[in-house]
There are 2 protein chains.
Amino acid sequence: MDTQTASPGGLRAITRDAVRTHLSELAIDLFTEHGFDNVTVEQIAAAAGISARSVHRYFPAKEDLVVGDPTAYGSVVRDAFLARSTDESVLSSLRAAFTVLLDHGGQDIRGKAALCVMTSVPALRARNHEKHLLWASLLTPVVAARLRGSDAELRAQVLVQTALACFDVALTAWVVPGEQRTPAELLGVAFAALPSHGPTPP
Amino acid sequence: MDTQTASPGGLRAITRDAVRTHLSELAIDLFTEHGFDNVTVEQIAAAAGISARSVHRYFPAKEDLVVGDPTAYGSVVRDAFLARSTDESVLSSLRAAFTVLLDHGGQDIRGKAALCVMTSVPALRARNHEKHLLWASLLTPVVAARLRGSDAELRAQVLVQTALACFDVALTAWVVPGEQRTPAELLGVAFAALPSHGPTPP
DNA sequence: CCGCACTTGTCAGAGTCTGACAGTTTGGGC
DNA sequence: GCCCAAACTGTCAGACTCTGACAAGTGCGG
């Protein structure tokens with residue numbers, strides 16, 4: 001039933017996740033070589049030795065092969081935000097929350113290959129943005145709870161979207177050929193571009 | 001050849017733009033009534049009295065019937081930004097630039113109906129984000145030219161994306177039923193949610 | 001008045017995604 | 001160890017979006 005996290009109890013869910021990651025890596029390799037639009041789902045299925053119908057059973061859309069499960073890691077960012085002290089500014093807490101995601105993201109961010117494909121195809125960037133919007137719907141309520149004054153909901157949306165923009169820009173800058181810094185460092189540079197919001201926490 | 005702007009000299013281009021707006025309004029009405037996914041291109045074509053193939057000649061994708069031409073209004077924002085004084089902060093200039101777009105947008109923003117449909121369907125929100133990314137590619141160079149220090153390109157991307165987030169949040173808040181304020185006022189509230197960037201210009 | 005460019009309809013096809021059905025495999029309780 | 005229900009898979013069929021090619025119609029310009 002619950003396919004979002006590999007519950008350790010279920011043995012079938014483990015193999016399902018294994019097939020998912022295998023299909024994803026296989027597809028990303030094909031996309032990087034021939035281009036996203038020049039690879040059909042049938043070719044991916046043939047390379048994996050299964051039918052095209054089964055590929056759509058694991059991934060509802062072709063773009064999900066690159067973007068991954070939208071529901072994953074959304075609650076991770078929210079919990080990381082809730083764990084921060086309410087003394088620091090909201091943007092500092094958001095910056096820390098997304099840094100946690102970067103450290104935790106060694107699994108979901110399958111190297112630079114997936115990001116390279118994603119940044120080069122508009123349809124994939126759009127799908128990735130949908131995932132970010134889902135994260136925003138989880139983050140906005142908890143952020144609004146820390147704001148005072150009128151229009152808390154609207155201002156929370158602005159702050160969350162701003163943090164997501166920093167996250168996106170940092171990852172986009174990470175995959176350019178000459179770049180040497182880590183994603184966490186680039187995220188710090190991105191947040192530093194915003195107007196002062198207090199000293200950066202340790 | 002040049003289909004992006006209705007060059008006043010061409011008489012055929014005028015009718016073409018008229019058909020475009022007519023098709024767009026017609027489609028938005030059908031979408032608001034039956035839902036975006038429950039209306040096929042053939043139904044839109046039948047309602048307009050033309051073939052489905054011709055609809056795709058005016059709009060490359062079905063989503064473009066709601067989103068509109070991505071290339072429009074991109075240069076308007078850029079020129080509005082360039083017209084601002086370099087004394088004020090970059091975010092203030094961006095806020096003023098998008099305010100110009102709101103005043104100018106009586107044509108492109110075809111009432112709240114288009115926005116309502118757009119905000120309710122994830123695929124349309126994604127397509128709209130692609131349009132915003134095209135605007136960002138025009139804005140980022142001129143914004144980076146006003147920044148000093150290292151990583152000007154990256155910091156410019158952050159500021160442009162932040163301004164776009166404010167623009168998006170303001171328009172999304174505008175279409176909620178109870179809202180009374182104008183888009184320009186909501187844009188001011190959105191920018192005010194960011195950390196202080198100097199006094200708001202007149 | 002006529003040529004020419006633009007527009008339109010029709011046909012055909014590729015590709016994505018979904019539902020239904022039947023056969024097979026496998027996990028887990030007894 | 002056995003058996004059943006549940007899950008997985010392949011195959012078939014269909015709807016829909018989008019694209020290219022070709023022929024026919026329309027109106028502007030010289």
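Protein chains get the first letters and strands the later ones, always in sequence-line order, with residue 1 at the start of each. Quick note: numbers below take in every heavy atom, side chains included, and nothing from hydrogens, waters or symmetry partners.
- Picking from C:dT8, C:dC17, D:dC18 the nucleotide with the shortest atom distance to the side chain of B:H56 gives D:dC18.
- Here C:dA12 presents its C1' atom at 12 Å from CZ of B:R53, a figure rounded to the nearest Å.
- For the pair A:K131 and A:D64, the salt-bridge criterion is not met [side-chain N within less than 4.0 Å of a carboxylate O].
- A:Y58 has its OH atom 13 Å from the P atom of D:dA7, to the nearest Å.
- Because its NZ or CZ atom is both nearer than 6.0 Å to the ring centre of A:F36 and within 45° of the ring axis, A:K62 counts as a cation-pi partner of that residue.
- Per the geometry, CZ belonging to B:R16 stands 18 Å off P belonging to C:dA5, to the nearest Å.
- Regarding A:K62, its NZ atom lies at a distance of 12 Å from the C1' atom of C:dC17, rounded to whole Å.
- The distance from atom CZ of B:R57 to atom P of C:dG9 is 8 Å, rounded to the nearest whole Å.
- Annotation: side chain to side chain donor-acceptor pair (under 3.5 Å) contacts involving residues 136-150 of chain A, sequence neighbours excluded, comprise A:S93-A:R146.
- Of the residues B:L139, B:V90, B:L164, the one that meets the side-chain contact (heavy atoms from CB on, under 4.5 Å) test with B:L159 is B:V90.
- A:F59 comes within contact range of no nucleotide atom at all, as no heavy-atom separation falls under 4.0 Å.
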*asked:* Working note: B:V77 + B:L138, criterion side-chain contact (heavy atoms from CB on, under 4.5 Å); need CA distance, chi angles, decisive distance, verdict.
replied: CA-CA 9 Å; B:V77 186; B:L138 290 178; over 6 Å; no
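- A heavy atom closer than 4.0 Å to some atom of DNA chain D occurs in B:V39, B:T40, B:V41, these being the qualifying members of residues 34-52 of chain B.
- Between B:D79 and B:R84 there is no salt bridge, since none of the side-chain N atoms of the basic residue sits less than 4.0 Å from a carboxylate O of the acidic one.
- Whole-Å rounding puts the B:I14 CD1 to C:dT7 P distance at 13 Å.
- When distances run from any side-chain atom of B:A61 to the nucleotides D:dC18, D:dA21, D:dT9, the shortest one goes to D:dC18.
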